[in-house]
Undergrad: 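Take a look at this one; I'll ask things after.
Keep in mind that this is a model prediction, so the values were computed, not measured. Proteins come first, then strands; the chains are lettered A, B, ... in the order of their sequence lines, and each starts at number 1.
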Amino acid sequence: MSQLRVRFAPSPTGYLHIGGARTALFNYLLARKEKGTFILRIEDTDVARSTQESTDAILQAMEWLGLSYDEGPFYQSERFDLYRAKVQQLLEQGKAYRCYCTAEELEARREAALKSGGKPKYDGTCRERRDQPAGVPFVVRFRSAQEGETCFHDRIKGPIVFNNEELDDLIIQRSDGTPIYNFVVVVDDAEMGITLVIRGDDHINNTPRQILLYQALGYAVPEFAHVPMILGADKTRLSKRHGATSVMAYEELGFLPEALVNYLARLGWSCGDEEIFSMADLIEKFTLDNVGKSAGVFNPEKLLWLNAHYIKTGDRQRLAALLQRHLVAKGIDTNNGPNLEAVVKTLQERARTLVEMADGAVFYYAKEIIADPEAVAKWCTAEARPGYEAVLSALTACNDFTHAGIESAFAGVMSATGLKLGKLAPAVRVTLTGSTASPSVYEVLETLGQERSLERLRNGLKLFAA
RNA sequence: GGUCCCUUCGUCUAGCGGUCUAGGACACCGGCCUUUCACGUCGGUAACAUGGGUUCGAUUCCCAUAGGGAUCACCA
């Protein structure tokens with residue numbers, strides 16, 4: 001066990017999105033690699049916006065991705081006593097003060113400042129206020145440093161310096177007594193012994209004020225590593241406009257968790273020319289040194305490619321179980337039909353997602369084949385009928401309905417009729433699958449089995465032009 | 001607007017002063033394979049934002065400019 005302690009601290013105001021998942025992944029990978037501790041903390045201090053459903057969704061997504069944590073989940077909503085005590089401590093030490101300005105007043109002043117070209121920061125009205133009017137609601141503000149500079153060495157971005165003049169006295173406790181993010185994140189990271197904070201770089205601007213807070217509270221300041229944002233194709237922050245952003249939406253779309261993990265890891269991190277990484281590979285090879293500094297564009301095409309790779313190389317039994325779920329979702333009963341693993345085998349190389357695989361598997365379980373009219377018109381012609389009938393009788397006579405047996409049945413027909421497979425197979429494919437695109441007819445025949453195949457082939461006779 | 005971050009093919013990236021006529025991957029285009037669709041395979045198009053420095057020598061270091069992103073809440 002090393003001293004490294006990292007955490008993922010999502011706010012339960014929605015599902016786990018792609019960006020959050022990558023942050024969680026990086027934390028997880030580093031913790032595992034360094035044999036450190038990975039902590040999960042739910043940041044639900046905003047009671048109005050936090051929901052149990054969101055928390056559940058986040059937990060579920062973490063589990064689906066295989067990101068297990070060592071401690072937690074901790075809920076900030078259960079730690080208000082701690083925060084109140086820390087606020088009190090700051091108040092007593094004169095490092096924080098009560099502010100009686102109302103939200104409306106502040107808003108008005110902000111606008112005025114902006115209009116006159118000034119900075120929209122708190123003007124310090126209550127900074128030196130001594131009286132404590134009874135019955136008047138107040139917030140607690142942190143007395144921030146007004147001069148000097150605050151700097152830190154980011155593990156990804158390098159040295160970053162802020163002029164303290166840019167910082168204002170931020171609110172650390174609302175008028176309803178609940179604490180605010182920038183305050184609790186400091187208290188919790190310190191109290192939980194976090195040694196390295198890995199988070200999105202949208203938090204860079206929060207870092208200096210948090211450092212000041214660590215110091216005011218007498219805590220050691222942890223290290224920081226700010227990972228770049230993930231952008232949409234138009235280079236703006238990834239959002240719903242760009243398609244699915246929820247991790248679990250990808251499961252529904254037929255993606256495998258290892259594909260998403262692999263993709264997310266490679267978005268912003270690299271290891272030479274390698275592209276394919278299992279979770280074990282990532283744990284072995286991940287380092288913050290190879291995380292890039294610039295924001296990356298989410299590329300669904302590449303995710304698709306990785307997913308196709310994992311489907312191609314995946315375990316059939318597992319894929320069969322996953323495929324069944326997608327088939328059932330389409331209202332298809334897989335009980336009266338070919339073995340699912342055999343079906344997976346024929347579709348593995350031609351499906352990029354489980355949804356595509358399910359689409360491609362539908363014909364196997366159809367009670368009746370409804371053939372594409374265009375395909376029928378093109379291949380089920382009077383001219384093709386003799387060959388088709390020859391195949392039908394050869395397959396009827398076949399007593400070894402395996403790939404090899406089927407192949408030799410076709411070979412027999414080909415030598416007897418002089419027709420090439422290109423003349424024989426298409427019509428068979430159409431009556432068997434209803435379409436011109438499918439796995440190899442030998443495979444389809446074998447997978448369907450003799451009984452079902454012959455039934456379809458006989459029914460198919462009706463499709464031929466007279 | 002202020003502040004902060006970022007800047008190699010369309011996209012993800014390799015590159016950590018000379019090995020760069022810049023490598024890999026996705027996508028795209030073409031050949032091959034082939035019973036369809038795919039897979040596979042071979043090949044191709046395609047990038048160091050711009051301008052100054054530093055240096056014997058810059059894709060690599062520094063500074064500007066431009067562009068992009070983030071952030072400026074009693075959200076996190």
Undergrad: Write down the partner of B:rG30 under the Watson-Crick or G-U wobble criteria, each distance required to be under 3.5 Å.
TA: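 B:rG30 is paired with B:rC42.
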Undergrad: Checking A:Glu223 now: which residues fulfil side-chain hydrogen bond (donor to acceptor under 3.5 Å, both in side chains) with it, not counting sequence neighbours?
TA: A:Arg155
Undergrad: Just name whichever nucleotide pairs with B:rG67, Watson-Crick or G-U, keeping both distances under 3.5 Å, else none.
TA: B:rC6
Undergrad: Need the pair for B:rC37. Rule: Watson-Crick or G-U wobble, both distances under 3.5 Å, any strand; none if unpaired.
TA: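 Its partner: none found.
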Undergrad: Nearest whole angstrom, please: distance from the C1' of B:rG2 to the CZ of A:Phe162.
TA: 12 Å
Undergrad: Could you run through nucleotides 38-44 of chain B and give me one letter per nucleotide, 5' to 3': B if any protein heavy atom sits under 4.0 Å from the base, S if only the sugar-phosphate is that close, - if neither?
TA: BSS----
Undergrad: Only counting residues at least two apart or in another chain, list the ones meeting side-chain hydrogen bond (donor to acceptor under 3.5 Å, both in side chains) with A:Arg41.
TA: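 If we apply the side-chain hydrogen bond (donor to acceptor under 3.5 Å, both in side chains) test to A:Arg41, skipping adjacent residues, the hits are A:Glu43, A:Asp189.
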Undergrad: Specify whether A:Phe138 and A:Tyr100 have parallel, tilted or perpendicular ring planes, treating 30° as the upper limit for parallel and 60° as the lower limit for perpendicular.
TA: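 Geometry flag for A:Tyr100 against A:Phe138: tilted rings.
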Undergrad: Considering every strand shown, what is the Watson-Crick or G-U wobble mate of B:rA58 when both distances are under 3.5 Å?
TA: none
Undergrad: Tell me: CG of A:Leu421 to C1' of B:rU35, nearest whole Å?
TA: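 The distance from CG of A:Leu421 to C1' of B:rU35 comes to 4 Å, rounded to the nearest Å.
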Undergrad: Counting only Watson-Crick or G-U wobble pairs whose two distances fall under 3.5 Å, which nucleotide matches B:rU21?
TA: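 In the structure as shown, B:rU21 has no Watson-Crick or wobble partner.
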Undergrad: Taking atom P of B:rU34 as reference, at what distance in whole Å does atom NZ of A:Lys420 sit?
TA: 11 Å
Undergrad: For A:Ile230 and B:rG69, what is the distance between atoms CD1 and P respectively, to the nearest whole Å?
TA: 16 Å
Undergrad: What about A:Tyr263 and A:Phe298, are their ring centers closer than 6.0 Å?
TA: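 Centroid separation for A:Tyr263 and A:Phe298: below 6.0 Å.
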Undergrad: So, A:Arg209 and A:Thr150: side-chain donor and acceptor under 3.5 Å apart, yes or no?
TA: no
Undergrad: Is it true that A:Glu389 and A:Arg385 have a side-chain N and a carboxylate O under 4.0 angstrom from each other?
TA: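 Salt bridge flag = yes for A:Arg385 with A:Glu389.
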Undergrad: In whole angstrom, give the distance that lies between atom CG of A:Asp289 and atom P of B:rA14.
TA: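 After rounding, the gap between these two atoms is 12 Å.
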Undergrad: Is there a side-chain contact between A:Arg127 and A:Arg141 in this structure, where contact means two heavy atoms from C-beta onward sitting under 4.5 Å apart?
TA: no
Undergrad: When rounded to the nearest Å, what value does the distance between P atoms of B:rG43 and B:rC26 take?
TA: 14 Å
Undergrad: Rounding to the closest angstrom, what is the interatomic distance between B:rA25 and B:rU41 at atom P?
TA: 10 Å
Undergrad: If we take the P atom in both B:rG69 and B:rU8, what is their distance in whole Å?
TA: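 Here B:rG69 and B:rU8 have their P atoms 15 Å from each other.
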Undergrad: Please test A:Arg237 against A:Asp202 for salt bridge (charged side-chain N to carboxylate O under 4.0 Å, His left out), starting from the C-alpha separation and ending with a verdict.
TA: CA-CA 11 Å; A:Arg237 191 179 187 147; A:Asp202 49 334; 3.1 Å; yes
Undergrad: Please give the distance between the C1' atoms of B:rA22 and B:rC39 as a whole number of Å.
TA: 31 Å
Undergrad: Rounding to the closest angstrom, what is the interatomic distance between B:rC5 and B:rG10 at atom C1'?
TA: 24 Å
Undergrad: Closer than 4.0 angstrom, basic N to acidic O: yes or no for A:Arg109 and A:Glu105?
TA: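 Result for this pair is yes, salt bridge flagged.
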Undergrad: Rounded to the Å, how far apart are A:Phe277 CZ and B:rA14 P?
TA: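 To the nearest whole Å, that distance equals 11 Å.
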Undergrad: Do NZ/NE/NH1/NH2 and the carboxylate oxygens of A:Glu191 and A:Lys86 come within less than 4.0 Å?
TA: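 Yes.
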Undergrad: Using O4'-C1'-N9-C4 for purines and O4'-C1'-N1-C2 for pyrimidines, with syn meaning within 90° of 0, is B:rC39 syn or anti?
TA: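 For B:rC39, whose glycosidic angle is within 90° of 0, the conformation is syn.
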Undergrad: Go ahead and name the base partner of B:rA14; Watson-Crick or wobble counts if both distances stay under 3.5 Å, otherwise write none.
TA: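 WC or wobble partner does not exist here.
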Undergrad: Applying side-chain contact (heavy atoms from CB on, under 4.5 Å), run through A:Phe74 and A:Leu40 and close with a yes or a no.
TA: CA-CA 6 Å; A:Phe74 295 112; A:Leu40 178 65; over 6 Å; no
Undergrad: Restricting to side-chain hydrogen bond (donor to acceptor under 3.5 Å, both in side chains), what partner residues turn up for A:Lys330, sequence neighbours left out?
TA: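 side-chain hydrogen bond (donor to acceptor under 3.5 Å, both in side chains) list for A:Lys330, sorted by chain: A:Asp359.
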Undergrad: Are any protein N/O atoms closer than 3.5 Å to N/O atoms in nucleotides 70-76 of chain B? If there are, list each pair with its distance.
TA:
{"residue": "B:rA70", "atom": "O3'", "partner": "A:Arg237", "partner atom": "NH1", "Å": "3.3"}
{"residue": "B:rU71", "atom": "OP1", "partner": "A:Arg237", "partner atom": "NH1", "Å": "2.7"}
{"residue": "B:rU71", "atom": "O4'", "partner": "A:Asn205", "partner atom": "ND2", "Å": "3.1"}
{"residue": "B:rC74", "atom": "O2", "partner": "A:Ser175", "partner atom": "N", "Å": "3.0"}
{"residue": "B:rC74", "atom": "O2", "partner": "A:Ser175", "partner atom": "OG", "Å": "2.9"}
{"residue": "B:rC74", "atom": "N3", "partner": "A:Ser175", "partner atom": "OG", "Å": "3.0"}
{"residue": "B:rC75", "atom": "OP1", "partner": "A:Arg174", "partner atom": "NE", "Å": "3.2"}
{"residue": "B:rC75", "atom": "OP2", "partner": "A:Arg174", "partner atom": "NE", "Å": "2.3"}
{"residue": "B:rC75", "atom": "OP2", "partner": "A:Arg174", "partner atom": "NH2", "Å": "2.8"}
{"residue": "B:rC75", "atom": "O3'", "partner": "A:Arg174", "partner atom": "NH2", "Å": "3.0"}
{"residue": "B:rC75", "atom": "O2'", "partner": "A:Asp46", "partner atom": "OD2", "Å": "3.0"}
{"residue": "B:rC75", "atom": "O2'", "partner": "A:Arg49", "partner atom": "NE", "Å": "3.1"}
{"residue": "B:rC75", "atom": "O2'", "partner": "A:Arg49", "partner atom": "NH2", "Å": "2.5"}
{"residue": "B:rC75", "atom": "O2", "partner": "A:Arg49", "partner atom": "NH2", "Å": "3.2"}
{"residue": "B:rA76", "atom": "OP1", "partner": "A:Thr45", "partner atom": "OG1", "Å": "2.6"}
{"residue": "B:rA76", "atom": "OP1", "partner": "A:Asp46", "partner atom": "N", "Å": "3.4"}
{"residue": "B:rA76", "atom": "OP1", "partner": "A:Arg174", "partner atom": "NH2", "Å": "2.7"}
{"residue": "B:rA76", "atom": "OP2", "partner": "A:Tyr181", "partner atom": "N", "Å": "3.0"}
{"residue": "B:rA76", "atom": "O3'", "partner": "A:Glu43", "partner atom": "O", "Å": "3.3"}
{"residue": "B:rA76", "atom": "O3'", "partner": "A:Glu43", "partner atom": "OE1", "Å": "3.3"}
{"residue": "B:rA76", "atom": "N6", "partner": "A:Asn206", "partner atom": "OD1", "Å": "3.4"}
{"residue": "B:rA76", "atom": "N6", "partner": "A:Asn206", "partner atom": "ND2", "Å": "3.1"}
{"residue": "B:rA76", "atom": "N1", "partner": "A:Asn206", "partner atom": "ND2", "Å": "3.3"}

Undergrad: Taking only N/O atoms, report every protein-nucleotides 11-13 of chain B pair under 3.5 Å with atom names and distance.
TA:
{"residue": "B:rU11", "atom": "OP1", "partner": "A:Lys235", "partner atom": "NZ", "Å": "3.2"}
{"residue": "B:rC12", "atom": "OP1", "partner": "A:Val297", "partner atom": "N", "Å": "3.0"}
{"residue": "B:rC12", "atom": "O2'", "partner": "A:Arg266", "partner atom": "O", "Å": "2.9"}
{"residue": "B:rC12", "atom": "O2", "partner": "A:Arg266", "partner atom": "NH2", "Å": "3.4"}
{"residue": "B:rU13", "atom": "OP1", "partner": "A:Gly268", "partner atom": "N", "Å": "2.7"}
{"residue": "B:rU13", "atom": "O3'", "partner": "A:Ser270", "partner atom": "OG", "Å": "3.2"}

Undergrad: Could you tell me whether the side chains of A:Glu258 and A:Asn262 share a donor-acceptor contact shorter than 3.5 Å?
TA: no
Undergrad: If I take atom CG in residue A:Asp273 and atom P in nucleotide B:rA14, what distance separates them, rounded to the nearest angstrom?
TA: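 The answer, rounded to whole Å, is 10 Å.
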Undergrad: For A:His226 and B:rU3, give me the distance from atom NE2 to atom C1', rounded to whole Å.
TA: 15 Å
Undergrad: Suppose you measure atom P in B:rU71 against the same atom in B:rC29; what distance do you get, rounded to whole Å?
TA: 37 Å
Undergrad: Would you measure the distance from the P atom in B:rU3 across to the matching atom in B:rA64 and give it in whole Å?
TA: 13 Å
Undergrad: For atom C1', what is the distance between B:rC9 and B:rG44, given to the nearest Å?
TA: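 Looking at atom C1' only, B:rC9 and B:rG44 are 14 Å apart.
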